[in-house]
Amino acid sequence: MRTQVGIIGAGPAGLMLSHLLARYDIDSVVLEARSREYVEARVRAGVLEQGTVDLLDETGVGKRMHDEGLVHEGIELRFDRASHRIPFPELTGGRSIMLYGQQEVVKDLIAARLAAGGDVRFDVSDVRIDKFDSAEPVLSFQEGHSSNRVELHCDFVAGCDGFHGVSRESIPRSEFTEYHREYPFGWLGILAAVAPSADEVTYTYTDRGFALMSLRSPQISRLYLQVDPDDDIANWPDRRIWDELHTRLAIDSEWSLTEGPVLEKGITAMRSFVLEPLRYGRLFLAGDAAHIVPPTGAKGMNLAISDVAVLADAVAHWYDTGSSTGLDDYSTTALRRVWRAQHFSWWMTSMLHRFPDDDPYQRQLQLSQLHYTVASQAASASLAENYVGLLRG
Ligand code: APR
Ligand code: PHB
C-alpha cells in the first residue's frame, strides 16, 4: 500500500493534519490504535484559542463549534476570597476564546475526513516505523484481528500519537534532547450534569490548593481540584469532591456553587515536556508526541493544531515546488510557539497551585503576582494575549 503522508494517531493533531493535507490534494492514511467510539468519547480540555477557531472555520469544520460552542470574552481569577475578571477583547484587540470540548473537535474532524473519502483506520495495532531516514519511510501495522502485517509506503510520516505513542520511541536517544518538569500535584476533574455556577472559566488560588470551574454547555459543568498526583480516585466519593469545591471556591460576596450528578471523574498527573528537534529525516513529530503542557494554560489542543498547520503548509510547499525550506524550518518554527506556551503554562501553574515545599515567603510572592496580574493593565494584557493565543508568524 502507498500514500503520500502516513499519520500515526487520530487525536486533534493527526486528524487535523489529514484534513489540511486533503485541502492541498495530498493523500494521507491515519492509523489509530483505539476505536472510533473510544477517541470520540475521551474527555479532555476544551478551550480553543482564536487562531484555532479561525483555522477550523477557514477549513470548513467550524459549523457545529459555532452552533454548540460558547464564545467567552474573559476569565476570572479568584484569590483572597474575591473574584477578579480579565476581559479579553479590550486587552487583545478584539480577540476571545471558544469553549468546545476536544472530543467534539475530534468528532467533527473524523466526520469531515470520512465524508471526504479519507482513509482513517481505527483499531490498528503494533504500528512500526522503518526507514524514516530514507526517501521512502515505511509504516507497518496489524489490522483488526488479522495477524498479517500491512505495509504502508510513504513520502513522509507524521508522528501524532500523543505522549505514550510509538513515534518518539522509534528515534535513537542520541538524536534528541528532552526537557522535563514534573509537578508535585495532579488535577482531579469532574464532568457534572448541572448548569455552570460561574459565567466564565474561573481559576482559584487558595490555602488548600488550586480549583478551576469551567463548563461545556449551559447544562454541563467541568470542575477541577488540585490533588496529590498519586491519589486514587476511589478516595474521592462525589460528596468529598463537592465539599472541597465549596470550600476552595468560596468568596465573601454573594455566590454559591450548585451541585449536580457527576457524569465522569478522573485524576491526571501534570507535567511539562519538550523534545527537540521535531524532525528526524522524513519523520515529523506534532502535538503531544513531542510536547506536553500542564492544563493550567489550556494550550494542549491549540499547540497540536498549530504544529500541524505549519507542517501541512511545509509538506504542500515541497510537493508544489520541490523545495524543502518549509520542512527544514518546521521544527524551529513550531518550537517557537511551543516554548511560549510552555512558559505561559508553567507560569500559570506556578502562580496558582500550592507546592508541598512552599513557605510563607513563596505564598506571598504568589499572592503579589496575582494582585499585580489583575491590577495592572500591562500584566492583565500579557495574560490575556497569551491566553487567547499569539498570532501566527
Ligand atoms: N499507534 C496508533 N495510534 C496511537 C498509538 C500507536 N502506537 N499510540 C497512541 N495512539 C493514538 C492515541 O490513541 C490517540 O488517539 O494517538 C492519538 C494521540 O492523540 P492525543 O493524545 O489527543 O494527542 P494530540 O493529537 O497531539 O492532541 C493533543 O490531546 O492529550 C491532549 O492535552 C492534550 O489537548 C492536547 C491534545
Ligand atoms: C476545561 O474546560 O476542561 C479547561 C478549561 C481551562 C483549563 C483547563 C481545562 O485551563
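In listed order, ligands and their atoms are each counted from 1.
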For ligand 1, which atoms, with element, lie under 4.0 Å from some heavy atom of [X]?
X      : answer
Gly287 : 26 (O)
Val39  : 15 (O)
Gly165 : 8 (N)
Arg34  : 13 (O)

If the cut-off is 4.0 Å to any non-hydrogen atom of [X], which atoms of ligand 2 fall inside it?
X      : value
Pro295 : 7 (C), 8 (C), 10 (O)
Val47  : 5 (C), 6 (C)
Gly46  : 1 (C), 3 (O)
Leu212 : 6 (C), 7 (C), 8 (C)
Arg222 : 3 (O)
Tyr203 : 6 (C), 7 (C), 10 (O)

For ligand 1, which part of [X] has a heavy atom less than 4.0 Å away: the side chain, the backbone, both, or neither?
X      : answer
Arg44  : side chain
Cys160 : backbone
Leu31  : backbone

Relative to [atom], which among [options] owns the nearest non-hydrogen atom?
atom                    : options                        : result
atom 16 (O) of ligand 1 : Asp161, Asp126, Asp288, Thr268 : Asp161
atom 29 (O) of ligand 1 : Gln102, Lys299, Met301         : Gln102
atom 7 (N) of ligand 1  : Asp123, Val166, Ile7           : Val166

Looking at [atom], what's its closest protein heavy atom, distance included?
atom                    : value
atom 25 (O) of ligand 1 : Ala13 N, 2.9 Å
atom 2 (O) of ligand 2  : Ser214 OG, 2.6 Å
atom 3 (O) of ligand 2  : Tyr224 OH, 2.6 Å
atom 19 (O) of ligand 1 : Gly11 CA, 3.4 Å
atom 11 (C) of ligand 1 : Glu32 OE1, 3.2 Å
atom 2 (C) of ligand 1  : Ala33 N, 3.3 Å

Checking the side chain of Arg354 only, and the main-chain atoms of Asp207 only, is there a donor and an acceptor separated by less than 3.5 Å? yes

Taking Gly281's backbone N and O only, do any of them form a donor-acceptor pair with Arg279's side chain (distance below 3.5 Å, no angle check)? yes

Please check if the distance between the ring centroids of [X] and [Y] is under 6.0 Å.
X      : Y      : value
Phe88  : Tyr387 : yes
Trp346 : Tyr183 : no
Tyr205 : Phe210 : no
Phe79  : His84  : yes

Consider every N or O of Gly14 and every N or O of ligand 1, then say whether any pair is closer than 3.5 Å. no

Quick one: does Pro12 get an N or O within less than 3.5 Å of an N or O on ligand 1? yes

Pair [X]-[Y], side-chain donor/acceptor within less than 3.5 Å:
X      : Y      : value
Asn386 : His343 : no
Asp328 : Ser324 : yes
Tyr203 : Glu76  : no

CE of Met270 to CZ of Arg181, rounded to nearest 0.5 Å, is 13.0 Å

Is any side-chain heavy atom of [Y] closer than 4.5 Å to one of [X]?
X      : Y      : result
Trp339 : Glu276 : yes
Leu91  : Gln377 : yes
Arg78  : Leu370 : no
Leu56  : Met65  : yes

Does even one non-hydrogen atom of [X] get within less than 4.0 Å of ligand 2?
X      : value
Leu99  : no
Trp187 : yes
Arg216 : yes

Close approach, Arg42 and ligand 1, non-hydrogen under 4.0 angstrom: yes

Measuring from the heavy atoms of Ala45, does anything fall under 4.0 Å of ligand 1? no

Hey, what's the ring geometry for Tyr280 with Phe176, parallel, tilted or perpendicular (30° and 60° as the breaks)? perpendicular

Short N-O contact, Asp243 and Arg239, less than 4.0 angstrom: yes

Should the pair Glu143-Arg121 be classified as a salt bridge under the 4.0 Å nitrogen-to-oxygen rule? yes

